[in-house]
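Below is one structure, written out as structure tokens; the observations come after it.
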Amino acid sequence: MSPTPQETVLSYAEAAECVRRHAEKLRNRARAIEQAPLLAAAGRVLAQPIAADRDQPPFPRATRDGFACRAAEVTAGTLRVAGQLRAGERWTKGMLASGDAVEIMTGAAVPPGADCVAMMEDVQVSGFLVRHTGGKALAPGENIVDAGMEARAGSILAPEGRRMTVPQIAAAAACGYATVAVFARPRVAILATGDELVDVSDEPLPHQIRNSNSYSLAAQTLAAGGAPRLFPVVPDDTAATEDALAEAARMDLVVLTGGVSKGKFDVVEQALLRRGAEFFFTGTRIQPGKPVVFGQLPEGYFFGLPGNPLSTMVTFALFVAPLLRALGGESEAGPRFATARLEEEIHVKQGLTRFLPARLESDVKGARVRPVAWHGSGDLAAAARANGFAVTPETAERVAAGEMVSVLLL
Ligand code: AMP
Ligand code: MG
């Protein structure tokens with residue numbers, strides 16, 4: 001039998017810190033850059049900042065429908081309506097004359113000389129005269145955002161390393177970015193190991209199971225900004241695993257599942273060792289996912305995740321996703337948690353940080369979480385009813401209904 005690596009079992013916090021340290025090392029490495037059309041950039045990581053191409057707003061913008069005027073004058077009495085301005089129109093009559101107001105629409109440029117907009121709801125109009133009848137006196141600046149108040153030309157609206165979501169897409173569009181520079185997605189080799197596995201499209205014999213982990217891992221890889229490549233299932237054999245690793249190590253990150261426990265045919269760690277791997281940890285005090293392995297081959301980082309489907313999901317979210325996001329240049333690497341009120345007591349196991357499949361629901365008042373009944377880390381059906389994993393800390397003696405708990409988000 002081949003040698004196995006020295007055992008290093010860490011607490012959850014220590015293992016997370018270990019991954020974070022390695023993720024940090026990746027921050028300044030050189031990465032390939034692609035130009036993506038703006039819409040295709042949703043979910044991608046910015047390789048260059050989005051900068052304002054001109055002041056935002058570019059002109060003093062009316063934020064209400066109403067009358068642009070001088071605050072001191074409209075508070076004192078009736079004004080004369082000197083014209084109308086729609087959004088997209090330019091005022092061409094020069095400085096607003098004393099005693100004048102201009103009817104203005106939301107989004108239009110306030111004419112020079114006006115210092116506020118009296119809201120339509122607060123004025124009375126009769127013919128060409130307008131009077132402020134609303135509650136409190138108007139102050140200069142009211143209902144106007146001055147040019148450059150939101151951002152000055154050249155200032156950065158979204159930094160390099162930020163993932164493009166809805167607001168960054170809007171900012172890029174507003175600043176004229178038809179394409180944006182994004183980092184290339186890191187390529188992730190996904191290797192499922194196990195003699196019992198058949199592919200999703202094959203008919204399993206009664207004692208076989210379908211390889212679901214490669215697919216859940218591919219989905220998690222995509223969500224964390226990586227490009228998954230699914231390798232053929234690897235049998236529980238050291239030489240076969242070594243061969244598969246030789247090919248997989250050409251990718252940017254290697255993720256294996258199965259074969260990292262203590263069984264006679266769990267040979268993944270031996271194969272890794274034979275390919276020159278250094279191990280940062282070979283287990284963590286978490287449940288599910290205890291046998292998770294993290295280390296570095298001569299070519300790059302690898303994770304060996306346990307094969308039970310919930311262990312695979314949890315350990316990816318906790319450890320692989322943060323490293324992968326960092327590999328992809330993302331500055332906020334995670335993992336991602338929400339805080340929610342627990343609706344039902346959950347059982348703790350002292351000495352283990354537990355991640356229990358749970359259903360998170362939220363509304364404007366906050367988030368609630370209810371554990372999903374499960375039969376251990378192989379219970380795919382329970383996972384399918386869940387949308388996160390409620391966390392019980394290693395040191396907790398009890399986690400009661402009504403308490404606020406963390407929920408690991410997938
Ligand atoms: P292992 O980590 O290899 O000991 O596997 C633990 C459990 O997870 C066993 O019941 C395996 O059959 C199951 N398993 C391992 N790999 C996969 C996979 N790729 N897809 C689904 N289940 C798996
Ligand atoms: Mg196995």
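Both backbone and side-chain heavy atoms feed into the values below; hydrogens, waters and symmetry mates do not. As the structure lists them, so they are numbered: ligands from 1, and atoms in each ligand from 1.
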Quiz item: Would you call I209 and L197 a side-chain contact if the rule is heavy atoms closer than 4.5 Å?
Solution: yes
Practice problem: Among all protein heavy atoms, pick out the one at the shortest distance from atom 18 (C) of ligand 1; state its residue, atom name and that distance to 0.1 Å. | Solution: N213 ND2, 3.1 Å
Quiz prompt | Pair listing, ring pair (Phe, Tyr, Trp, His ring centres under 6.0 Å) test, anchored in residues 350-378, at least two apart | solution = Y12-F355
Practice problem: Assign the ring pair F294 / Y301 to parallel, tilted or perpendicular, where the plane angle (0 to 90°) is split at 30° and 60°. | Solution: parallel
Self-check item: From G259, G307, S214, G194 - option closest to atom 3 (O) of ligand 1 by heavy atom
Solution: G259
Quiz prompt | From CZ (R229) to CZ (R250), nearest 0.5 Å | solution = 7.5 Å
Practice problem: Around atom 19 (N) of ligand 1, find the nearest protein heavy atom and jot down its residue, atom name and distance. | Solution: N211 OD1, 2.9 Å
Quiz item: Is V233 touching ligand 1 with its side chain, its backbone, both, or neither, if touching means heavy atoms under 4.0 Å apart?
Solution: neither
Self-check item: Donor on one side chain, acceptor on other, Q35 and T179, under 3.5 Å
Solution: yes
Self-check item: Atom indices of ligand 1, in the order listed, that fall short of 4.0 Å to a heavy atom of R210
Solution: 20 (N), 21 (C)
Self-check item: Residue, atom name and distance, where the atom is the protein heavy atom closest to atom 6 (C) of ligand 1
Solution: N308 N, 3.7 Å
Quiz item: Which heavy atom of the protein is the closest neighbour of atom 21 (C) of ligand 1, given with residue, atom name and distance?
Solution: S212 OG, 3.3 Å
Self-check item: Closest approach of any protein heavy atom to atom 12 (O) of ligand 1, naming residue and atom
Solution: E196 OE2, 2.5 Å
Exercise. Measure the distance from atom 22 (N) of ligand 1 to every protein heavy atom, then report the residue, atom name and distance (to 0.1 Å) of the closest one.
Key: I209 CD1, 3.3 Å
Quiz prompt | T238 and R274 side chains, donor-acceptor separation under 3.5 Å | solution = no
Quiz item: For the residue pair A172 and I50, what are the closest heavy atoms and their distance?
Solution: CB-CD1, 3.7 Å
Quiz item: So, D122 side chain and H132 main chain: donor-acceptor pair closer than 3.5 Å or not?
Solution: no
Quiz prompt | Sub-4.0 Å atoms of ligand 1 with respect to non-hydrogen atoms of A192 | solution = 19 (N)
Quiz item: If you measure from each non-hydrogen atom of L197 to ligand 1, which part falls under 4.0 Å: side chain, backbone, both or neither?
Solution: side chain
